[in-house]
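FYI, side chains are in, hydrogens and waters are out, and symmetry mates aren't considered; it's all heavy atoms of this structure. Numbering of residues begins at 1 and proceeds along the displayed sequence.
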Amino acid sequence: MKPKTAFWASVSGTVIVALCCFTSVLVITLSAIGLGSVVGYLDYILLPALVVMLIITFVSYRRYRRGGIQQ
């Protein structure tokens, strides 16, 4: 994957995970489709996912600014 594409993909993933963490979008969606019982476990999944996505975004940004993977 090109560094620019990887960077923008990781940024969009981070934004999506952040929206799910800090707003009630996922809670409303899960409740609407009948999966409201899993709402209590979202913190165990979303916060580590946010940390992982931030790390991936940082790494892809460094590769993007450096000009790609150098061998």
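Nearest approach of Thr57 to Ser10, heavy atoms of both residues: OG1-O, 3.2 Å. Smallest separation of non-hydrogen atoms from Cys20 and Leu46: O-CD1, 3.6 Å. Shortest non-hydrogen contact noted between Val25 and Thr29 is O-OG1, 2.8 Å.
Put simply, the side chain of Leu26 does not reach to within 4.5 Å of the side chain of Leu19, judged on heavy atoms. Looking at Leu42 and Leu30, their side chains come closer than 4.5 Å, going by heavy atoms from C-beta outward.
Partner Leu50 forms a side-chain contact (heavy atoms from CB on, under 4.5 Å) with one of Ile45, Ile55, Val17 and no other, that one being Val17.
Formation of a donor-acceptor pair under 3.5 Å by the Ser12 side chain with backbone atoms of Ala9 is found in this model. Between the Thr14 side chain and the Met53 main chain, a donor and an acceptor come within less than 3.5 Å of each other.
Summarising the geometry, atom NZ belonging to Lys2 is positioned 16.0 Å from atom OG belonging to Ser60; distances are rounded to the nearest 0.5 Å.
The aromatic rings of Phe7 and Tyr64 sit parallel to each other, their planes meeting at less than 30°, with 60° as the upper class boundary.
Following chains of ILVMFWY side-chain contacts shorter than 4.5 Å, one can reach Ile33 starting from Val27, so the two form part of one hydrophobic cluster. Using a 4.5 Å cut-off between side-chain heavy atoms of Ile, Leu, Val, Met, Phe, Trp and Tyr, with links allowed through other members, Tyr44 and Leu47 fall into different hydrophobic clusters.
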